Amino acid sequence: MVTVVVGAQFGDEGKGKMVDYLAADADLVVRYQGGDNAGHTVINSYGVFKMHLIPCGIFTPGASNLVGTGTVVNPDVLISEIDMLKELGVDVSKLYLSDKAHLILPYHVELDVAIEKASGIGTTKRGIGQAYAYKMLRKNPRAEDLRDLDVLKEYISQAKSAGLANLNYDVPDEKLRYWQERLVPLLVDPVEFVNDYIDSGKHVLFEGQLGVMKDIDLGTYPYVTSSNPVAAYAAVSGGFPVSKITRVAGVAKAFSSDVGDGPFPTEMTDDEAAPLRGDGSQPDDEFGARTGRSRRLGWLDLEVLRYAHKVNGLTELILTKLDKLDGVEQLKVCTSYVKGSSFPIYKMMPGWTESTKGIKDYDKLPANAKAYIELIEKQVGVKVRYIGTGPARDDVVSVSR
Ligand code: GDP
Ligand code: IMO
Ligand code: MG
């Protein structure tokens, strides 16, 4: 079985928490695109984590985890994430790295920072777009080049002579040797690796980064990332036929959030947003898990969810952060836009005063919360399979209706 967990909005929908939850019955979890621009929050018995590169299946005993081909990997970030987990007693012995994943080098980060300074779109300044750009130019080393540092250095020298900017392209030999020592033992041939799992009937779970509205091809260009969060890319990255994807779970927040610039039709006023944002003291407050920036908040946008369904073919929805709407008197749901524009038309719905925090049983949800969920299902045409009622792994309603 192949499951793809995909962001159905603008990122930060709660993919990390849900991958940690769903990994319970997975044999292999694969991060399929993006890099350490991700901040995937996981809260479980090991602690509170903002994961950047390592799949959130790493906390599941017995599961293998692969940083997949379509990702861009900053070696220092990967190594420090491994060390952080090890220190906390998390078993990282079944963590693998695709030998076809591309490397993020210091000059990518430098270039990202320089471009953002000149005319930014609000990137995470992790060199993501720059590593993908050099990949497309075919002047970027892949993880497999750590096996032979002469090959790796040749790529760096080609990047330098491509002369995209006046940057410091030097990466000290000592650093390259350290990356080699730490990361070569994790390398696998990803196509063999992933297909072996799929063809032997194992459950492979693909973890997306960001969400559909930030997809380089299908999102709100240019306010997007430089990879394809959409579900189909899991097959490209995994090197297996698209027809083998059995399940596409779209993760959506019960409202909307967006970090960085770009169109956001249902953006809330500051007064509407304040109670949902928190002050940053809690791990589920609305501040970017990667950059700490205050997230822009908005009402739920069903046009966005219908679009997510159109381009991903969602087989189920996962609605997170329902508990954050507790006590909001009047909920606004964007059911469509004014024709020819992206001006939202809202349906007003009464909220609920009861706490939904930690509820695990659908029947225990307040009637108005159920009405909210049922409206989403009806308007998007996809059933809600799980509902998040708190930030911790087990704060989930598994819906069986
Ligand atoms: P990701 O990038 O999609 O993994 O999402 P992030 O981790 O960046 O952001 C999601 C935020 O919502 C994090 O702060 C999570 O701890 C939190 N979260 C996820 N699901 C729930 C939920 O059901 N309820 C609450 N209260 N918080 C949640
Ligand atoms: P997860 O996986 C939210 C946003 C940035 C910017 C745009 C491009 O945690 O959902 P980039 O650094 O990728 O070139 O920035 O994408 N962005 C994210 N927003 N969550 C993320 O990841 C993000 N990764 C990138 O804010 O608008
Ligand atoms: Mg995030």
Side-chain angles (χ1 to χ4, degrees), residues 5-21 31-44 48-53 55-56 71-72 104 108-109 111-113 115-116 120-133 207-216 219-227 229 251-255 257-264 276-278 280 282-293 295-296 318-326 355-359 386-397:
V5 174
V6 61
Q9 294 161 321
F10 305 83
D12 299 339
E13 297 93 347
K15 300 174 293 290
K17 172 198 152 143
M18 291 311 301
V19 169
D20 179 49
Y21 175 86
R31 249 298 290 281
Y32 64 86
Q33 38 71 238
D36 65 298
N37 46 352
H40 291 183
T41 311
V42 169
I43 304 178
N44 58 27
V48 177
F49 303 87
K50 306 268 175 193
M51 302 300 291
H52 302 308
L53 274 170
C56 295
T71 62
V72 282
I104 296 183
H108 296 132
V109 179
L111 189 53
D112 195 356
V113 171
I115 292 175
E116 276 298 297
I121 61 152
T123 74
T124 57
K125 299 185 187 157
R126 298 277 152 189
I128 306 298
Q130 290 62 34
Y132 279 119
E207 174 178 348
Q209 189 262 331
L210 254 177
V212 61
M213 300 312 287
K214 300 275 184 176
D215 185 286
I216 181 78
T220 52
Y221 187 88
Y223 301 100
V224 293
T225 194
S226 304
S227 66
V251 186
K253 242 178 221 186
F255 45 99
S257 72
D258 188 357
V259 197
D261 301 336
F264 193 18
L276 294 174
R277 176 170 291 116
Q282 300 303 313
D284 59 346
D285 285 347
E286 290 293 345
F287 291 82
R290 189 31 153 159
T291 57
R293 287 179 287 180
R295 291 183 187 136
R296 300 161 69 197
I318 298 176
L319 192 72
T320 62
K321 289 201 146 178
L322 185 74
D323 55 299
K324 285 283 170 176
L325 295 179
D326 294 352
S355 167
T356 62
K357 191 106 196 242
I359 287 184
Y386 299 98
I387 300 160
T389 54
R393 179 193 272 178
D394 294 324
D395 295 332
V396 174
V397 178

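In this text the structure is predicted, and so the values were computed from the model without any measurement. Read the numbers this way: they start at 1 and go in the same order the structure lists the ligands and their atoms. Below, all heavy atoms of this structure are taken into account, side chains as well, without hydrogens, waters or symmetry copies.
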Undergrad: Using heavy atoms and a threshold below 4.0 Å, how should the contact between V224 and ligand 2 be classified: side chain, backbone, both, or neither?
TA: backbone
Undergrad: Is atom NZ of K125 surrounded by more than 12 heavy atoms (other residues, nucleotides or ligands) closer than 6.0 Å?
TA: no
Undergrad: Identify the closest protein heavy atom to atom 20 (N) of ligand 1: which residue and atom is it, and at what distance?
TA: K17 CD, 3.3 Å
Undergrad: Is there a donor-acceptor pair under 3.5 Å between the side chain of Q9 and the backbone N or O of K253?
TA: yes
Undergrad: Distance under 4.0 Å to a non-hydrogen atom of K15: what atoms of ligand 2 satisfy this?
TA: 1 (P), 2 (O), 10 (O)
Undergrad: Could you check atom 17 (C) of ligand 1 against the protein and tell me its nearest heavy-atom contact, residue, atom and distance included?
TA: K321 CE, 3.4 Å
Undergrad: Has ligand 1 got any nitrogen or oxygen that is less than 3.5 angstrom from a nitrogen or oxygen of G11?
TA: no
Undergrad: Please state which part of R295 comes within less than 4.0 Å of ligand 1, counting heavy atoms only: side chain, backbone, both or neither.
TA: side chain
Undergrad: Any idea which of T123, T220, D258 brings a heavy atom closest to atom 14 (O) of ligand 2?
TA: T123
Undergrad: Which residue and atom name correspond to the protein heavy atom nearest atom 22 (O) of ligand 2, and how close is it?
TA: Q209 NE2, 3.0 Å
Undergrad: For atom 24 (N) of ligand 1, what is the nearest protein heavy atom, given as residue, atom name and distance?
TA: D323 OD1, 2.8 Å
Undergrad: Examine the proximity of ligand 1 to P283 and report which part, side chain or backbone, both or neither, has a heavy atom under 4.0 Å away.
TA: backbone
Undergrad: So which protein heavy atom does atom 13 (O) of ligand 2 come closest to, and at what separation?
TA: T225 OG1, 2.6 Å
Undergrad: Find, among atoms of D12 that are N, O or S, the one nearest to the Mg ion (ligand 3), and state its name.
TA: OD1
Undergrad: Quick test of your reading of the structure: of A38, G358, G390, A392, whose heavy atom lies closest to atom 21 (C) of ligand 1?
TA: G390
Undergrad: State, yes or no, whether a side-chain contact exists between D36 and R290 at a heavy-atom distance under 4.5 Å.
TA: yes
Undergrad: Between V251, L210, V259, flag the one that comes closest to atom 18 (C) of ligand 2 by a heavy atom.
TA: L210
Undergrad: Could you tell me whether some N/O pair between G39 and ligand 1 is separated by less than 3.5 angstrom?
TA: yes
Undergrad: To the nearest 0.1 Å, how far is atom 16 (O) of ligand 1 from its closest protein heavy atom, and which atom is that?
TA: T41 CG2, 3.4 Å
Undergrad: Between R293 and ligand 2, does any nitrogen or oxygen pair lie at a separation below 3.5 Å?
TA: yes
Undergrad: Record the part of R290 in heavy-atom contact with ligand 2 below 4.0 Å; permitted values are side chain, backbone, both and neither.
TA: neither
Undergrad: Only heavy atoms of G11, strictly under 4.0 Å: list the atoms of ligand 2 that pass.
TA: 10 (O)
Undergrad: Contact between D395 and ligand 1, counting heavy atoms under 4.0 Å?
TA: no
Undergrad: Using distance alone, determine whether K15 and ligand 1 share an N or O pair under 3.5 Å.
TA: yes
Undergrad: Which of the atoms of ligand 2 are close to K214, meaning less than 4.0 Å from one of its heavy atoms?
TA: 27 (O)
Undergrad: Answer yes if the side chains of T123 and D112 hold a donor-acceptor pair under 3.5 Å, and no otherwise.
TA: yes
Undergrad: Out of all atoms in ligand 2, which are within 4.0 Å of some heavy atom of H40? Include the element for each.
TA: 1 (P), 2 (O), 9 (O)
Undergrad: In the protein, which heavy atom is nearest to atom 6 (C) of ligand 2, and how far is it?
TA: G122 O, 3.1 Å
Undergrad: So that I can check it, does any N, O or S atom in G11 come closer than 2.8 Å to the Mg ion (ligand 3)?
TA: no
Undergrad: To which protein heavy atom is atom 10 (C) of ligand 1 closest, and what is the distance rounded to 0.1 Å?
TA: D12 O, 3.6 Å
Undergrad: Measuring from the heavy atoms of G7, does anything fall under 4.0 Å of ligand 1?
TA: no
Undergrad: When you compare ligand 2 with G39, is there at least one nitrogen or oxygen pair between them that comes in under 3.5 angstrom?
TA: yes
Undergrad: Are any of the N or O atoms of G16 closer than 3.5 Å to those of ligand 1?
TA: yes
